[in-house]
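A quick write-up on the structure given underneath.
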Amino acid sequence: MADLLLGQVLSFAGDPFVEGPGAARHITAGGVLVENGRIAAVGDGAALRAAHPAARLQDYGRSLISAGFVDAHVHYPQTAIIASWGKRLIDWLNSYTFPEEMRFADPAYAAEIAERYLDLVTANGTTTVCTYCTIHPASVEAIMAAAQGRGLRLFAGKTCMDRNAPEGLRDTAQAGYDESRALLQKWHGRDRLSYVITPRFSPTSTPEQLQALGALWREYPDCLMQTHLSEQPDEIAWVKELFPQSRDYLDTYEAQGLLREGAVYGHAIHLTAREKARLAEAGASVVHCPTSNTFIGSGLFDMGLAKQLRVGLATDTGGGSSFSMLRTMAAAYEVAQLRHQPLHPSQLWWLATQGSARALRADHLIGNIAVGMEADLVVVDLASTPAIEQATRRAEDLWQALFPTIMMGDDRAIRAVWANGRRL
Ligand code: GUN
Ligand code: ZN
């Protein structure tokens with residue numbers, strides 16, 4: 001049985017960083033026909049209604065129907081320590097993150113947080129995340145099973161660390177390889193789930209472990225590989241000490257076979273000219289995590305990169321201070337303002353949907369509204385609070401009507417979420 005969603009429909013026919021706002025497609029009284037988990041038709045609402053009289057009608061009035069948000073870099077195990085006060089990256093990891101990740105040795109705790117995390121993100125309109133887990137295979141099992149139960153498309157991997165982490169949060173080069181491989185074989189490609197090879201970052205992996213995970217990636221080349229890159233100056237100096245033979249931070253990955261298409265690097269703030277050029281040449285992706293970069297004090301991402309390479313947008317929960325991609329778009333706007341790179345609402349929305357999907361090499365499946373794509377949708381109320389409603393009253397186009405929700409919206413703006421063609 002088909003469902004017909006009526007409302008304003010926003011989609012993209014191109015990349016607004018290349019083509020400008022004209023890359024967006026807006027239908028004021030539009031419709032999206034959903035059948036068997038896919039988008040079967042998009043167009044004028046009345047015409048679709050006439051053509052599909054048997055479809056179940058979901059009339060969302062003036063609300064905006066968009067592809068569900070795609071959050072390209074998160075740590076679901078950090079759900080409970082979000083908004084922890086007063087540290088910068090390395091101290092924050094040691095003080096808050098590692099003790100919390102230790103608790104995921106208990107599969108029941110992992111399952112509880114996985115469900116809580118997915119409740120929180122779907123309430124915020126996010127239908128796909130790419131998440132780090134912990135060192136414990138049970139942490140991967142928990143989030144994969146939770147996403148599978150909800151019909152979500154999800155990317156996740158066991159976070160490998162074999163040094164500079166406390167006892168209980170370290171594996172070895174061999175165990176990291178073996179456990180990652182077993183999880184990959186079990187979960188990758190099952191339903192809507194993808195396994196991601198996940199060395200945490202160079203400071204917590206020996207060259208041997210990075211090499212082992214590089215070898216695993218060569219065995220399973222269609223997987224993504226995710227890690228962190230050049231987030232804070234102290235971290236970069238530490239990498240220099242740990243890898244004296246490397247040209248730069250990116251080289252610590254490149255030397256072990258961890259740089260090519262399908263590599264997804266979080267943060268990537270303080271890059272050298274060589275690193276930028278190599279990332280572009282290799283077809284790698286970087287992910288902007290603006291609430292995290294301000295919260296942990298990391299720095300201001302260069303949005304100019306969006307013209308050269310695949311850039312995604314992410315909350316980076318729990319270094320990031322929010323589960324909401326609306327709040328994350330607002331932070332991206334503010335950070336770009338500080339760099340004199342004003343972002344258009346079309347660019348912000350694209351980053352949170354198709355841009356992130358493209359960074360994860362899944363833009364043929366999710367992140368846009370088009371016939372044949374998977375029906376992961378968010379319905380956004382553009383007047384969800386009195387403050388937002390009054391700011392949109394004089395709006396003359398979609399962007400003026402949408403921008404106050406980007407800047408001030410939260411989960412109250414999320415009217416409905418559809419995943420895999422089903423309303424959550
Ligand atoms: N670098 C290595 N691990 C982490 C993490 O968990 N969060 C952030 N923000 N940066 C990291
Ligand atoms: Zn991260």
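All ligand and atom numbering here is 1-based and tracks the order in the structure.
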- Message: Given the Zn ion (ligand 2) as the apex, I'd like the angle to NE2 of H73 and NE2 of H228, rounded to 10 degrees.
- Response: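 Here the angle at the metal atom is close to 100°, to 10°.
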
- Using a strict 4.0 Å threshold on nitrogen-to-oxygen distance, state whether D222 and R361 make a salt bridge.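 Salt bridge flag = no for R361 with D222.
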
- Query: Do R310 and D15 meet the salt-bridge criterion of a basic N to acidic O distance under 4.0 Å?
  - Reply: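 No salt bridge links D15 with R310.
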
- Query: Which N, O or S atom name in H75 marks its closest approach to the Zn ion (ligand 2)?
  - Reply: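 Sorting the N, O and S atoms of H75 by distance to the Zn ion (ligand 2) puts NE2 first.
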
- Message: Which atom name does D316 have for its N/O/S atom nearest to the Zn ion (ligand 2)?
- Response: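 This residue's closest N, O or S atom turns out to be OD1.
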
- Message: When you compare the side chain of Y132 with that of V196, does any pair of heavy atoms fall below 4.5 Å?
- Response: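 Of all side-chain heavy-atom pairs linking Y132 with V196, none is under 4.5 Å.
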
- Quick check: does D316 get an N/O under 3.5 Å from an N/O on ligand 1?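 Yes, D316 has an N/O under 3.5 Å of an N/O on ligand 1.
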
- Item | Close N or O approach (W92, ligand 1; < 3.5 Å) |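 No, since none of the N or O atoms of W92 sits under 3.5 Å from an N or O of ligand 1.
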
- With a distance cut-off below 6.0 Å to the six-membered ring centre and an angular limit of 45° from the axis, does R260 pair with W217 as a cation-pi contact?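 Here R260 passes the 6.0 Å and 45° test against W217.
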
- Message: Would you say the rings of F69 and W349 are close, in the sense that their centroids are separated by under 6.0 Å?
- Response: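 That pair passes the under 6.0 Å test.
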
- Item | H267-H288 aromatic ring centre distance below 6.0 Å |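 For H267 and H288, the ring centres are not under 6.0 Å apart.
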
- Message: Does the residue Y132 have a heavy-atom contact with ligand 1, meaning some pair of atoms that are separated by less than 4.0 Å?
- Response: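 Under 4.0 Å: no for Y132.
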
- Query: So is E235 in contact with ligand 1, going by heavy-atom distances below 4.0 Å?
  - Reply: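 Distance cut 4.0 Å: E235 fails for ligand 1.
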
- Message: Students often mix this up, so state it plainly: with edges at 30° and 60°, are the rings of Y76 and F104 parallel, tilted or perpendicular?
- Response: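 It falls in the perpendicular class, over 60°.
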
- Could you tell me the residue and atom name of the protein heavy atom closest to atom 10 (N) of ligand 1, and the distance to it rounded to 0.1 Å?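 Minimum-distance protein heavy atom for atom 10 (N) of ligand 1 reads E231 OE1, 2.7 Å.
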
- Message: I'd like to check which ligand 1 atoms, numbered from 1 as shown, lie under 4.0 Å from a non-hydrogen atom of R200.
- Response: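 Listed by number with element, the hits are 2 (C), 3 (N), 4 (C), 5 (C), 6 (O).
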
- Item | Those atoms of ligand 1 less than 4.0 Å from some heavy atom in F201 |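 Close to F201: 1 (N), 2 (C).
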
